[in-house]
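The next block holds one structure in the form of structure tokens; read it before the comments.
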Amino acid sequence: MRCEDCLPCLEEYFDGEMSRRGRDQVTAHLAACGRCSAAFSSISAEQQIYSRYTRDVEVTPALWSAVQKRIATEKAADSSGLMTSVRGWIASTLVAPRLSPAAVVLLIAVAIAATIWLTTMVNTRNAVLERATTSEPSAPKEPTTTPSPRNLQPLPESTPERPEVETARGPVKLRPGRVATARTAPTPDQLVREAEQKYIAAIAILNRDVRRQQKRMDPEVVARLDDAIAGIDRTIADTRQALRQNPSDTLALEYMLTAYARKVDLLRDIANY
Amino acid sequence: MEAARLVSRQGACAGTLMNTSEDLVARARRGEEESFRLIFERYSRPIISFIYDLVGQRELAEDLTQETFVRAYKNLMALRDETRFSTWLFGIAKNVARESMRSRQRQHRQVGIEESGVMEARAADLPPDGELLSKELNGLIRKAIGDLDEDKRLVFTLKVFHQRSYEEISEITGFSIPKLKTDLHRARAEMRRRIQPYLEVGNAM
């Protein structure tokens with residue numbers, strides 16, 4: 001590096017705003033160049049002076065009191081009691097975990113799937129009840145696999161016994177001739193697992209880029225980011241545990257998906273650093 | 001309920017609440033007044049210092065600091081990212097100070113200083129006593145900051161006194177990074193010229 005390249009970027013170097021490569025080049029040059037080293041010392045000396053600069057201004061308790069009073073006045077002026085509670089309810093809803101657009105779409109999909117599933121269950125139950133009033137005695141149960149859209153087999157055209165299909169509500173006898181390819185909608189649990197797998201896959205890809213990027217980053221920054229990721233992982237683990245214990249815990253689900261989304265965002269930011 | 005325990009532990013935020021400032025902001029957004037008071041305690045000093053550097057008057061700086069925090073309180077819900085609270089707050093302070101300066105039709109060379117009679121120091125006039133020198137230097141720096149144009153003053157104070165990164169300064173001021181680098185460089189050059197006697201004599205030590 002030459003002096004004419006080093007001198008113009010000394011301030012940026014001092015401010016810690018250079019890339020690692022640029023920083024290393026300047027450091028190496030300063031070690032060998034008296035002129036640039038003296039210029040850098042001047043910048044340091046200036047900063048030392050500024051660091052001792054004091055102002056004739058203080059934060060007094062009266063200032064906080066004034067802020068409080070203004071806030072109270074504006075609150076009172078803004079709303080009646082009913083409006084305050086309505087606004088407060090809206091505010092508490094708005095400060096619920098913010099979801100990324102992808103997570104919002106996913107949760108909507110989960111909600112729709114849950115609705116379809118519940119509707120299907122209700123219809124199936126009604127159909128079972130209807131058949132129960134007109135059905136023949138059931139044949140001995142045959143072993144079946146858990147149905148899914150992939151492993152339901154078509155019913156043979158003629159069969160001496162009415163086969164049964166296992167559903168979430170128990171075995172259901174099918175009417176003769178009815179083709180057992182009725183697709184059951186994926187359960188919310190399946191949707192959640194699919195979503196989680198997609199997030200995990202995305203995180204695995206991003207982690208590769210992040211590991212490359214971290215080699216170029218300041219160790220202090222890396223440590224802070226590692227802490228941030230560890231915190232998110234703890235949230236994911238805790239909420240997953242909560243969901244295992246109570247699969248219908250929608251709050252834990254929301255938190256878990258939000259944590260995954262946050263992790264993806266953070267890793268993407270690091271990778272693009 | 002497991003989820004409720006998680007909520008209370010995580011502070012109702014599925015992302016990570018990595019540091020106390022974010023935690024305070026999250027709680028203040030839920031209406032906890034004590035949390036906002038703690039936010040005030042944490043940020044009031046840097047904010048009042050920042051505003052004072054911009055406007056140059058103590059009482060005005062206090063009023064504008066008050067306005068800054070009131071606005072912050074009223075607009076907490078609009079804050080999209082709690083991790084950027086500090087940058088956001090400085091942005092409000094900058095806007096409040098600028099509005100005040102423009103409403104007072106302040107010229108960049110007329111930022112008032114409260115101490116009168118502060119002259120540009122010359123090396124030959126500098127008294128040997130360190131303490132007097134410090135007051136002289138303080139006053140000199142204050143006047144020199146006031147003599148910078150608004151953009152340079154803004155960038156200089158954020159970088160030199162508040163150690164903000166270029167990215168944060170860009171976010172606070174709305175300036176592009178090339179512009180703020182240029183302004184910062186020129187501000188440093190002007191300030192250097194003003195405090196040169198102190199650098200030469202080594203009176204800062």
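The shown structure was predicted, so the numbers you read here are calculated from the model rather than taken from an experiment. All chains are named by letter (A, B, ...) in the order of the sequence lines, taking the proteins before the strands, and each is independently numbered beginning at 1.
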Within 45 degrees of the ring normal and closer than 6.0 Å to the centroid, is that where the cationic atom of R55(A) sits relative to F161(B)?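 R55(A) over F161(B) ring: yes.
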Intermediate values then yes/no, side chain to side chain contact (heavy atoms under 4.5 Å, CB included), T65(B) and V67(A): CA-CA 9 Å; T65(B) 299; V67(A) 170; over 6 Å; no
State the CD1-CZ distance between I71(A) and F36(B), to the nearest 0.5 angstrom.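 I71(A) CD1 to F36(B) CZ: 4.5 Å, rounded to 0.5 Å.
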Let me confirm one number: the CZ-CZ distance from R71(B) to R70(A), rounded to the nearest 0.5 Å.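 Rounded to the nearest 0.5 Å, the CZ-CZ separation comes to 8.5 Å.
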Chain B contact residues among residues 13-25 of chain A, heavy-atom distance under 4.5 Å: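 So the qualifying residues are F14(A), D15(A), E17(A).
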Report, one line per pair, each donor and acceptor closer than 3.5 Å where one atom sits in a side chain of residues 33-45 of chain A; sequence neighbours left out.
from, atom 1, to, atom 2, distance (Å)
S41(A), OG, S37(A), O, 3.0
S42(A), OG, A38(A), O, 3.4
S44(A), OG, F40(A), O, 3.2

[X], [atom1]: over 12 other non-hydrogen atoms inside 6.0 angstrom:
X       : atom1 : value
R186(B) : CZ    : no
E99(B)  : CD    : yes
K179(B) : NZ    : yes
E33(B)  : CD    : no

Are any of the side-chain heavy atoms of [X] and [Y] separated by less than 4.5 Å?
X       : Y      : answer
K159(B) : E11(A) : no
I48(B)  : L63(A) : yes
E58(A)  : E62(B) : no

Does R188(B) come within less than 4.0 Å of E46(A), counting only side-chain N to carboxylate O? no
Does N138(B) reach the main-chain N or O of Y53(A) with its side chain, forming a donor-acceptor pair under 3.5 Å?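 Not a single qualifying donor-acceptor pair exists.
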Between D56(A) and R142(B), which heavy-atom pair has the shortest distance, and what is it? N-NH2, 4.2 Å
Minimum-distance pair of heavy atoms, taken over all atoms of R192(B) and Y50(A):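 In terms of heavy atoms, the two residues are closest at N-OH, 4.2 Å.
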Please flag which part of E67(B) lies under 4.5 Å from any non-hydrogen atom of chain A: side chain, backbone, both or neither. both
For K181(B), which residues count as a side chain to side chain donor-acceptor pair (under 3.5 Å) partner, sequence neighbours excluded? E12(A)
Over 60° means perpendicular and under 30° means parallel, so tell me whether W64(A) and F40(B) are parallel, tilted or perpendicular. tilted
Keeping to residues at least two apart or across chains, list the ring pair (Phe, Tyr, Trp, His ring centres under 6.0 Å) pairs with something in residues 164-194 of chain B. none
